[in-house]
Amino acid sequence: MQLKYSAPRGTEDFLPARVQLLNWIHAACRQELERHGYLEIRPPLFEDTSLFRRAIGDVTDVVEKEMFTCERGDTSVTFRPEATAGVARAYIENKLDKVRPFQKFYYIGPMFRFERPQAARQRQFEQVGVEAIGSHDPRLDAEVLHLAARLLDCLGIVGYRILINTLGDKDDRAQYRTALGAFVRPRLASFCAECQARFERNIFRLLDCKNRDCQRQLEGAPSLVDSASAATRQHFTEVQNALGALGRSFEVDPRIVRGLDYYTHTVFELRLPGLGARDTLVGGGRYDDLLEELGGPQVPAIGFSLGVTGTLLALEKAGIAEKHSREPACTVFIVAIDDQERLAALVLANELRQNGLVVDLDFENKSPKAQLRSAGKRDARIVLVLGESERSRGVIQVKNMDDGSQHELPMDGDLAFELQRMLEGGNAGQRSGENG
RNA sequence: GUGGCUAUAGCUCAGUUGGUUAGAGCGCCUGACUGUGGCUCAGGAGGUCGAGGGUUCAAGUCCCUUUAGCCACCCCA
């Protein structure tokens, strides 16, 4: 069983049943996002490599070792590892600040990161996310965060934790970097090797090290809020108040620092325990300086993204995935008894389809019995049987698959209308089993 | 980039201390009086046991290499 070709590492074929599940997720998210006034935006799947370097940060791992980059002559483009950079670029390029300074966007689509796949982690993966650009209002932070949680709620995911923190502004971070450095330096030797490297590279990353010993070392470390400016502290407090007003419970966790360089002030994660290596379903935060850094206007912004791969895993564990993974049924199936009727069946299917019915028929030259079986497997609610005796009399057998009853209808009447009536009137019975 | 685990039919897996034509369940196909599904019964197709090499009279079973998948680290949705 040696296959000549297989899907590239870290990619996945979504077969029809799974696509149903994805579509359901998309639809549920879309509805909730649009209820909150977010409009869909679709930047390209790849951008100039330099955009990501600038936006995400040159020394982040995402940029250093996870980019799918394509060089062609003197241009270098990269498949987007995340969407914020592209949306920010689009906002700037289209001068949206002149049109309507405050705008709320959402996106749904694939992202690409060249890394080793593992649980809930693929090289091509999908994110649902939002970017609200043009407001520094702490109520917006709360809305965005609440919206992230709402998406999980709408999908039926329960038991997630909301963790929030503030990274303050540039000055806050500069000051905190010094304070944290002063705390860590004397005991640096007792941190893990990776943390020792992080100490030079990005000291904040020490805070979310998974190593227990490192965490213990950090007990009593200063937190950013302590040394932050009054304005930063007030913003953070107001975010928390607004969240409370929305009825969201959350935990303030000073170890939430996020790995992308553009974050400022409010950052947050929604975590669902028990998912494996990556239990963060949603990550996000403010990025008040990013647009300016990319050469745009000085406008603040905030966003999040939800990882669909992890969400799929969560839905499977919760037993929600299965009932949204069924292949769609065809409502009418046409059985041709003899070869003479096969062409007529195709033509009839075409007519019924044009009248809005979901119709299918046999393409494998199966026996009538086998055709019926196919119809049953496809969950057809009505089977039309076309044989010689029907043809000669200008009628067709209409079989109700739910109760097995059968009657004749004239071919020249409004067959589509009659079938519709049967389906709507419940004559063909309700779908057995599931409700809603 | 580093480490661990796995690799047998379409799917989920059994395969005893290496020993005759490699099994099950599900799925698929066919049939059970002429043109009728779901249930039942009967039958059938489908595997060079991931690939390459080695040990042996004999290997799915032991050893080596390799590839892929899964999982973990890093990092992150």
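Keep in mind it's a predicted model, so treat the numbers as computed, not measured. Values below: all heavy atoms of this structure, side chains included; hydrogens, waters and symmetry mates excluded. Every chain is numbered from 1 and lettered A, B, ... according to where its sequence line falls, protein lines coming before strand lines.
- Using a 4.0 Å heavy-atom cutoff across all strands shown, A:Val128 reaches no nucleic acid atom at all.
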Review item, nucleotides 33-35 of chain B N/O atoms under 3.5 Å of protein N/O:
{"residue": "B:G35", "atom": "O6", "partner": "A:Ser389", "partner atom": "N", "Å": "3.2"}
{"residue": "B:G35", "atom": "O6", "partner": "A:Ser389", "partner atom": "OG", "Å": "2.9"}
{"residue": "B:G35", "atom": "N1", "partner": "A:Glu390", "partner atom": "OE1", "Å": "2.9"}
{"residue": "B:G35", "atom": "N1", "partner": "A:Glu390", "partner atom": "OE2", "Å": "3.1"}
{"residue": "B:G35", "atom": "N2", "partner": "A:Glu390", "partner atom": "OE2", "Å": "3.0"}

Study note, to complete from the structure: With B for base contact, S for sugar-phosphate-only contact and - for none (protein heavy atoms under 4.0 Å), nucleotides 66-73 of chain B reads ---S-BBB
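- Contacts of A:Arg187 classified as side chain to side chain donor-acceptor pair (under 3.5 Å), with partners at least two apart in sequence or in another chain: none.
- Within the 4.0 angstrom heavy-atom criterion, no nucleotide atom of any strand lies near A:Gly310.
- Considering only residues two or more places apart in sequence or on other chains, A:His136 meets the ring-ring contact (aromatic ring centres under 6.0 Å, His included) condition with A:His235, A:His265.
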Point to revise | A:Glu131 vs A:Tyr106, side chain to side chain donor-acceptor pair (under 3.5 Å): CA-CA, chis, key distance, verdict | key: CA-CA 6 Å; A:Glu131 312 292 349; A:Tyr106 79 87; over 6 Å; no
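- Between the P atom of B:G27 and the CD atom of A:Glu327 lies a distance of 15 Å, rounded to the nearest Å.
- The side chain to side chain donor-acceptor pair (under 3.5 Å) search around A:Glu418 returns none, not counting sequence neighbours.
- Listed here is the closest heavy atom pair of A:Gln196 and A:Phe191: NE2-O, 2.9 Å.
- Atom-to-atom, CG of A:Leu206 to P of B:C74 comes out at 12 Å; the value is rounded to the nearest Å.
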Exercise for review: Apply the test salt bridge (charged side-chain N to carboxylate O under 4.0 Å, His left out) to residues A:Glu66 and A:Arg123: give CA-CA distance (whole Å), side-chain angles for both, the deciding distance (0.1 Å), then the verdict.
Suggested key: CA-CA 9 Å; A:Glu66 294 178 4; A:Arg123 286 184 176 179; over 6 Å; no
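- The strand RNA chain B forms stems, runs of 3 or more Watson-Crick or G-U wobble pairs with distances below 3.5 Å, at B:1-7 with B:67-73, B:10-13 with B:23-26, B:28-32 with B:40-44, B:50-54 with B:62-66.
- Residue A:Arg198 places its side chain closer to B:C75 than to any other of B:C28, B:G31, B:C75.
- Across the P atoms, B:A22 and B:U34 are found 38 Å apart, a figure rounded to whole Å.
- Between A:Met67 atom CE and B:C75 atom C1' the separation is 14 Å, expressed in whole Å.
- More than 12 non-hydrogen atoms from other residues, nucleotides or ligands lie less than 6.0 angstrom from CZ of A:Arg177.
- What separates CG of A:Asp403 from C1' of B:C39 is a distance of 17 Å, to the nearest Å.
- Counting any heavy atom pair closer than 4.0 Å across all strands shown, A:Lys65 reaches a base atom.
- With both ends at atom C1', the span from B:G25 to B:G15 equals 15 Å, rounded to whole Å.
- One C1' atom belongs to B:G37, the other to B:G69, and the distance between them is 39 Å to the nearest Å.
- Rounded to an integer number of Å, the gap from CG of A:Leu15 to P of B:C11 is 11 Å.
- The distance between atom CG of A:Leu372 and atom P of B:U36, rounded to the nearest whole Å, is 8 Å.
- A:Thr309 comes within contact range of at least one nucleobase, with a heavy-atom separation under 4.0 Å.
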Review point. Between A:Glu408 and A:Arg393, is a salt bridge (charged side-chain N to carboxylate O under 4.0 Å, His left out) present by the stated rule, with each step listed?
Key: CA-CA 10 Å; A:Glu408 287 184 353; A:Arg393 291 181 296 128; 2.7 Å; yes
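- One atom, CD of A:Glu364, and another, P of B:C28, lie 12 Å apart when rounded to the nearest Å.
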Check your understanding: Checking salt bridge (charged side-chain N to carboxylate O under 4.0 Å, His left out) for the pair A:Asp379/A:Arg326: CA distance, chi angles, key distance, verdict?
Key -> CA-CA 11 Å; A:Asp379 280 335; A:Arg326 260 197 298 269; 5.6 Å; no
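- Other residues, nucleotides and ligands contribute more than 12 heavy atoms inside 6.0 Å of the CG atom of A:Asp58.
- If you take CD of A:Glu115 and P of B:C75, they are 12 Å apart, rounded to a whole angstrom.
- Taking the centre and axis of the six-membered ring of A:Phe52, the NZ or CZ atom of A:Arg80 falls outside the cone set by 45° and 6.0 Å.
- In this structure, A:Arg54 places its CZ atom where only 12 or fewer heavy-atom neighbours from other residues, nucleotides or ligands lie under 6.0 Å away.
- RNA chain B is contacted by both A:Phe114 and A:Arg201; A:Phe114 maps to the nucleotide lying nearer its 5′ end (nearest heavy atom per residue).
- B:A9 and B:G47 are spaced 10 Å apart, taking the P atom of each and rounding to whole Å.
- The local environment of CD in A:Glu388 is sparse, with at most 12 non-hydrogen atoms from other residues, nucleotides or ligands closer than 6.0 Å.
- Between A:Lys366 and the phosphate of B:C29, there is a side-chain N or O to OP1/OP2 separation shorter than 4.0 Å.
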